[in-house]
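A short write-up of the structure that comes next.
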Amino acid sequence: MNFRTTLVIIVLLIGIGGAYYLFFQEPSDQPTENEKPAIHQVYGVARDAVQQVEIAFADAAYQDLKLVKDTTDNWQLAKPFQADADSEKVNQMLDDILNKGIKQTLEVPELAQYGLDTPSITFSLWTEGDSPAATFFIGKKAINFSVYAKEKSEKHIFLIESSALDDLTKSPTDLRDRSVIKFNPATVSGIQFIHRNSGSTAQPSTINCEKRDGTWHVIHPIKTEADVQEIETLLSELRSLKVSSFEADGADANVLTRLAKSGLDDPRIQMKLTDGDNTYMLGIGASVPSETGTQGRVYVKVSVYQDAIYTVAEDLYNLLNKSVFDLRDKRVMDFQRIDTVRIEIKQDEETTVCTKNLDNIWELQTPTGKLKTDAKAIDDLLFGVDSLEAVAFVDDSTKSLASYGLASPFIRVGFTQRGEDEPVVLLIGDHTQDGTVYVKPEQSNQVTRVKRDLMDNIALGSAWLRDKQVLNFHIDNAIRLTLTLPGETPFTCQRLGTNWRLTAPVREDANNAEVNAIIYELDNLMVDAFVGHKSIPTDAVTGFDKPNMQLTIELRNQKVYTLQVGNQVEASGRFYARLQHEPNLIFLLNTELIPKLKTTLERVRTSEE
């Protein structure tokens, strides 16, 4: 065997051995030389076990830090001043440094050339007891994105990633919790607002709210139920409020001067929160001088850290600048709309009554019998009154109801609940110049003003609540149609089997598609709105003395209906319309419907292809 053959065999054996190692060798549980054990593994310091952290800097430009974990496992900043820390950020910092892999361990005769005789950062960790579990020195940067480090008690040094410098170079602001106040909205039992009028010598106004038996009440300056949603929204937004900037803290020697300059020596608004055994005071001072392109901010301070001055978004001022009206319950009526089985609207000599039958279907009671109701209108009435809110409360409610048109109300609306004999009644009085209406629950002395939209609909009575379908028939039941248009020849069509035939002014087959299209529109014709009986205009205004269109349809049951369409309403663009046999029941039709009801004799005579 010559040398070349021997060399080839050796190379093949090496290749086979390498392939076996790559594809068949089981992975070892033992670390290899290339693996880099993490700091927490080498020194036995788990992040969750750390109770205290101290970071000292050689550079005087940085403030030394001390962080302590409290009994609830939340981090607190103890040095250079007292403040809540952002626990998530502190834990992230610990994870970043403790998970750093030790790249290399070095035995060195002296520390100076590695920057470890006077380290740039000293990082100490306590897990329990009075002595730190580990103290690390961070020195100079080395090659390959590394930095020299050393544990205080050991002689050797080691290399870790140079990102450790960024991990540990933190300011108090970097690690502070930016929550303005930390509290539990669900357990807050009291809120006090103190408002001071700028430049005024008058006593500040105070509003007190208290939570009793799970319900919020205003207890000063009046006693009434509070607007629960308003208070819960306020607490939720306050709990999520974040500091925009930290302006001063306990370490600031000029804090008293800054309190005066920021308006916090005499805050415009103060709010006191009672949360269990804890009480928090929040004061709002002056607005921060605006800078181009910056959002408006205000100065604030909280009682937990009296010497601290923060800025927050100026929305906080609007959030806390509450009046008694803002905080009180503004609901006018209190009844269960789902349990309502009878609605009665009385105005002048007219009474509109709606009842819910055994199938939970609402029916309109009329002198001539029962009519279908507009389900949406009924829902709008019930929901509208149930959620009706005051836009203003009348202070002298009990002095003279006649002053508000409530001694003899314009309208009385009663809602009878299932199982109850007496209805809950809303009295509706005079309109005001600002577009509101005086109302009062019959069982209450409180007069309020509300927006008039719902009240105007209620005043329509049956015109609002009745079914909005004009005609109720099946398209196959129509047997005769007559159409009259100004300037056009009127015509009449008769159904013969499934086809339509013209009977006047000519006798011939009609265009089935043209006639059926009109019948279909009549079958589905819906009223946009009814015109109340008190506001019926004259025939000259409506145009019914000379209709713009008149449609007569006869059904198999010999019922005949004539729809008259009059003038267009200038304000809305809709058209006046009525059924001839109900001349006083005028309604409005949508403009888009009118062309669909029109055709001409010429088009009806056109044969279908």
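Remember, predicted model here, so these are calculated numbers, not experimental data.
One side chain, Thr436 or Asp434, offers a donor N or O that lies under 3.5 Å from an acceptor on the other. No side-chain N or O of Gln494 forms a donor-acceptor pair with one of Arg501 less than 3.5 Å apart. Side chains of Thr482 and Thr492: a donor-acceptor N/O pair is present below 3.5 angstrom, by distance only. Between the side chains of Asp275 and Thr187, at least one donor N or O lies within less than 3.5 Å of an accepting N or O. Gln417 and Gln336 share no donor-acceptor pair across their side chains, judged by distance under 3.5 Å alone. Counted by atom type alone, Arg196 and Gln270 present one or more donor-acceptor pairs between their side chains at under 3.5 Å. Defined by atom type and a distance below 3.5 Å, a donor-acceptor pair is missing between the side-chain atoms of Thr340 and Lys356. Counted by atom type alone, Gln365 and Thr355 present one or more donor-acceptor pairs between their side chains at under 3.5 Å.
Salt-bridge formation is detected for the pair Arg605/Glu508: a Lys NZ or Arg NE/NH1/NH2 atom is positioned less than 4.0 Å from an Asp or Glu carboxylate oxygen. Looking at Arg331 and Asp329, a side-chain N of the basic residue comes within less than 4.0 Å of a carboxylate O on the acidic one, giving a salt bridge.
For the pair Leu364 and Lys372, the minimum side-chain heavy-atom distance is 4.5 Å or more. By the 4.5 Å heavy-atom criterion applied to side chains, Cys493 and Thr503 are not counted as neighbours. The shortest distance between side-chain heavy atoms of Leu388 and Thr448 does not fall below 4.5 Å. Side chains of Leu522 and Leu551 form a contact here, defined as non-hydrogen atoms less than 4.5 Å apart. By the 4.5 Å heavy-atom criterion applied to side chains, Val413 and Gln347 are not counted as neighbours. Using a 4.5 Å heavy-atom cutoff, the side chains of Thr489 and Thr600 are not in contact. Counting heavy atoms from C-beta on, the side chains of Leu427 and Val439 never come closer than 4.5 Å. Residues Ser245 and Tyr310 have side chains not in contact (no heavy-atom distance under 4.5 Å, counting atoms from C-beta outward).
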Side chain to side chain contact (heavy atoms under 4.5 Å, CB included) for Ile553 and Phe473? Distances and angles first, verdict last. CA-CA 11 Å; Ile553 186 169; Phe473 68 94; 3.6 Å; yes

Starting from the C-alpha separation in whole Å, work towards a yes-or-no answer on side chain to side chain contact (heavy atoms under 4.5 Å, CB included) for Asp334 and Val424. CA-CA 8 Å; Asp334 186 13; Val424 177; over 6 Å; no

Tell me, with the steps shown, if Glu488 and Lys598 meet salt bridge (charged side-chain N to carboxylate O under 4.0 Å, His left out). CA-CA 11 Å; Glu488 297 286 343; Lys598 290 182 177 181; over 6 Å; no

After noting the C-alpha distance and the side-chain angles of Leu460 and Asp456, does the key distance pass the side chain to side chain contact (heavy atoms under 4.5 Å, CB included) rule? CA-CA 7 Å; Leu460 295 173; Asp456 288 346; over 6 Å; no

Run the numbers on Glu344 and Lys346 for salt bridge (charged side-chain N to carboxylate O under 4.0 Å, His left out), then give the verdict. CA-CA 6 Å; Glu344 184 176 274; Lys346 291 184 178 180; 3.5 Å; yes

Apply side chain to side chain contact (heavy atoms under 4.5 Å, CB included) to Ile231 and Val188, showing your working. CA-CA 11 Å; Ile231 290 180; Val188 172; over 6 Å; no

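In this structure, Ile361 CD1 and Thr373 OG1 are separated by 8.0 Å, a value rounded to the nearest 0.5 Å. Interatomic distance, CE of Met271 versus CD1 of Ile191, reported as 6.5 Å (0.5 Å rounding). To the nearest 0.5 Å, atom CG of residue Asp523 and atom CD1 of residue Ile518 are 13.5 Å apart. The OG1 atom of Thr352 sits 7.0 Å away from the CG atom of Leu465 when rounded to the nearest 0.5 Å. To the nearest 0.5 Å, atom CG of residue Leu579 and atom CG of residue Leu471 are 5.5 Å apart. Separating the CZ atom in Arg466 from the SG atom in Cys354 is a distance of 11.5 Å, to the nearest 0.5 Å.
The number of heavy-atom neighbours closer than 6.0 Å to CD of Gln443, taken from other residues, nucleotides and ligands shown, is above 12. Within 6.0 Å of the NZ atom in Lys559, the count of heavy atoms belonging to other residues, nucleotides or ligands does not exceed 12. Atom CD of Glu582 has more than 12 heavy atoms from other residues, nucleotides or ligands within 6.0 Å.
The minimum heavy-atom distance between Leu485 and Thr599, with the atom names listed, is CD1-O, 3.2 Å. Taking each heavy atom of Pro537 and Val531 in turn, the nearest pair found is CD-CG1, 4.3 Å. Across every non-hydrogen atom of Thr542 and Tyr576, the tightest pair is CA-CD1, 3.6 Å. Residues Pro221 and Val324 approach most closely at CD-CG2, 3.6 Å, considering heavy atoms. The heavy-atom pair separating Arg412 from Val425 by the smallest distance is NH2-CG1, 4.2 Å. Taking all atoms of both residues into account, the shortest heavy-atom contact from Phe183 to Arg239 is O-NE, 2.8 Å.
Not a single donor-acceptor pair under 3.5 Å links the side chain of Asn208 to the backbone N or O of Ile219. Asn567 places a side-chain N or O within donor-acceptor distance of the main-chain N or O of Val541, the cut-off being under 3.5 Å. Of the possible donor and acceptor atoms, none in the side chain of Thr311 sits under 3.5 Å from a partner among the backbone N and O of Arg297. Using a distance-only test at 3.5 Å, with no hydrogens or angles considered, a donor-acceptor pair links the side chain of Ser444 to the main chain of Gln446. Side-chain atoms of Ser236 never come within 3.5 Å of backbone atoms of Glu232 as a donor-acceptor pair (strictly under, hydrogens ignored). Here the side chain of Thr215 pairs no donor or acceptor atom with the backbone of Lys211 at under 3.5 angstrom. A donor-acceptor pair under 3.5 Å links the side-chain atoms of Asn524 to the main chain of Tyr520, judged by distance alone. One N or O on the side chain of Tyr280 and one on the backbone of Lys182 form a donor-acceptor pair closer than 3.5 Å. The main-chain N or O of Trp500 is found under 3.5 Å from a side-chain atom of Asn512 such that the two form a donor-acceptor pair. Proximity of a side-chain donor or acceptor of Gln550 to a complementary backbone N or O of Gln580 within less than 3.5 Å is not detected.
Test Val353, Ile428, Ile411 against Ile345 for side-chain contact (heavy atoms from CB on, under 4.5 Å) and you get one pass: Ile411.
In this structure, Phe530 and Phe587 have perpendicular ring planes: the angle between them is above 60°, well past the 30° mark.
In this structure, Lys330 forms a cation-pi arrangement with Phe325, its terminal cationic atom sitting closer than 6.0 Å to the ring centre and no more than 45° off the ring axis. Within the cation-pi definition used here (under 6.0 Å to the ring centroid, within 45° of the axis), Arg328 qualifies as a partner of Phe393.
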